[in-house]
Amino acid sequence: MATPTSSSGTDVPPVLPSIPLSKEPAPGSGEQSIGALVRDVTTHVSTLIRSEVELAKAEVTTEVKKGVQGSVFFIVALVIALFSLFFFFFAIGELLSIWLNRAAAFGIVFGIMLIAAGVAALIGYLRVKKIRKPERTISSLKETAEVLQSRGRAQSNGTPQLDGSTR
């Protein structure tokens, strides 16, 4: 369980428990075989990746919580502004009713509101229509998958090495 490093209530990222990579071999135990070394490297890399993911998850979670808390105030302000627009449009209708029939004045305000809503909807539609799939990410993931699949295969003239080449 992650705990804050400060009891003063300041925003300090939580401390993550350390993940031991593996027990160190006893000194003087002799040289290890290539297979044992590869197994140790695989274990260390796997543990390192897991700990990096946990660290990233903890940092992102903390920042997302801050963002959500801050955005609540923006949402409240937006709601207040939207409800205030009702009074603004009512005032415009009353102002126009000085020169026009009251029903005509409010009809004009209603028409202006519909046109503004239509323009906003059109702009939103055009922006959403421009959204494309992440081509670079997809190709990068495909390349990574191909590299990982080919690293485990032995070539016809040799065996796979730690760096992915064959001899």
Side-chain angles (χ1 to χ4, degrees), residues 1-22 41-153 160 162-165:
M1 184 82 189
T3 58
T5 57
S6 172
S7 62
S8 65
T10 58
D11 293 330
V12 176
V15 176
L16 296 176
S18 62
I19 301 173
L21 295 175
S22 66
V41 167
T42 304
T43 303
H44 291 317
V45 168
S46 174
T47 305
L48 178 64
I49 290 173
R50 278 196 306 262
S51 63
E52 290 292 333
V53 167
E54 286 296 322
L55 176 62
K57 196 185 315 181
E59 288 178 340
V60 168
T61 301
T62 301
E63 296 304 314
V64 166
K65 285 181 183 178
K66 289 179 191 176
V68 168
Q69 291 171 350
S71 65
V72 166
F73 290 102
F74 286 117
I75 292 170
V76 169
L78 180 65
V79 168
I80 292 171
L82 287 175
F83 282 120
S84 298
L85 280 177
F86 172 77
F87 295 105
F88 173 72
F89 291 123
F90 194 84
I92 290 175
E94 287 294 328
L95 182 65
L96 286 175
S97 70
I98 294 173
W99 298 285
L100 301 170
N101 179 357
R102 188 173 183 146
F106 281 98
I108 290 171
V109 171
F110 177 70
I112 292 171
M113 291 172 66
L114 284 181
I115 289 171
V119 168
L122 178 64
I123 292 171
Y125 173 75
L126 293 175
R127 294 275 173 108
V128 168
K129 190 176 175 182
K130 290 181 182 178
I131 295 175
R132 303 283 183 237
K133 59 184 175 182
E135 296 289 340
R136 292 186 302 182
T137 302
I138 292 171
S139 65
S140 173
L141 287 174
K142 286 180 181 178
E143 289 173 8
T144 303
E146 289 173 6
V147 168
L148 290 176
Q149 287 176 353
S150 66
R151 287 189 77 158
R153 297 183 190 140
L162 291 178
D163 64 354
S165 64

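In what follows, every heavy atom counts, from backbone to side chain, and hydrogens, waters and symmetry copies are set aside.
Here the side chains of Leu82 and Leu85 are in contact, with some heavy-atom distance below 4.5 Å. Contact check for Phe90 versus Phe106: side-chain heavy atoms found under the 4.5 Å cut-off. Counting only heavy atoms from C-beta outward, the side chains of Thr47 and Arg50 approach each other to under 4.5 Å.
A distance-only check finds no donor-acceptor pair linking the side chain of Ser46 to the backbone of Thr43 [under 3.5 Å].
Results of the side-chain contact (heavy atoms from CB on, under 4.5 Å) test with Val109 over Leu95, Ile92, Leu114 single out Ile92 as the only residue that passes.
Leu96 contributes atom CG, which lies 7.0 Å from atom CD1 of Ile112 (distance to the nearest 0.5 angstrom). For the atom pair Tyr125 OH and Lys130 NZ, the distance stands at 12.5 Å (nearest 0.5 Å). Taking CG of Leu78 as the reference point, atom OG of Ser71 lies at 11.5 Å (rounded to 0.5 Å). Rounded to the nearest 0.5 angstrom, Ser84 OG and Phe87 CZ are separated by 7.5 Å.
Heavy-atom minimum distance, Ser97 versus Ala105: N-CB, 3.5 Å. The shortest heavy-atom contact between Ala58 and Thr62 is O-OG1, 3.0 Å.
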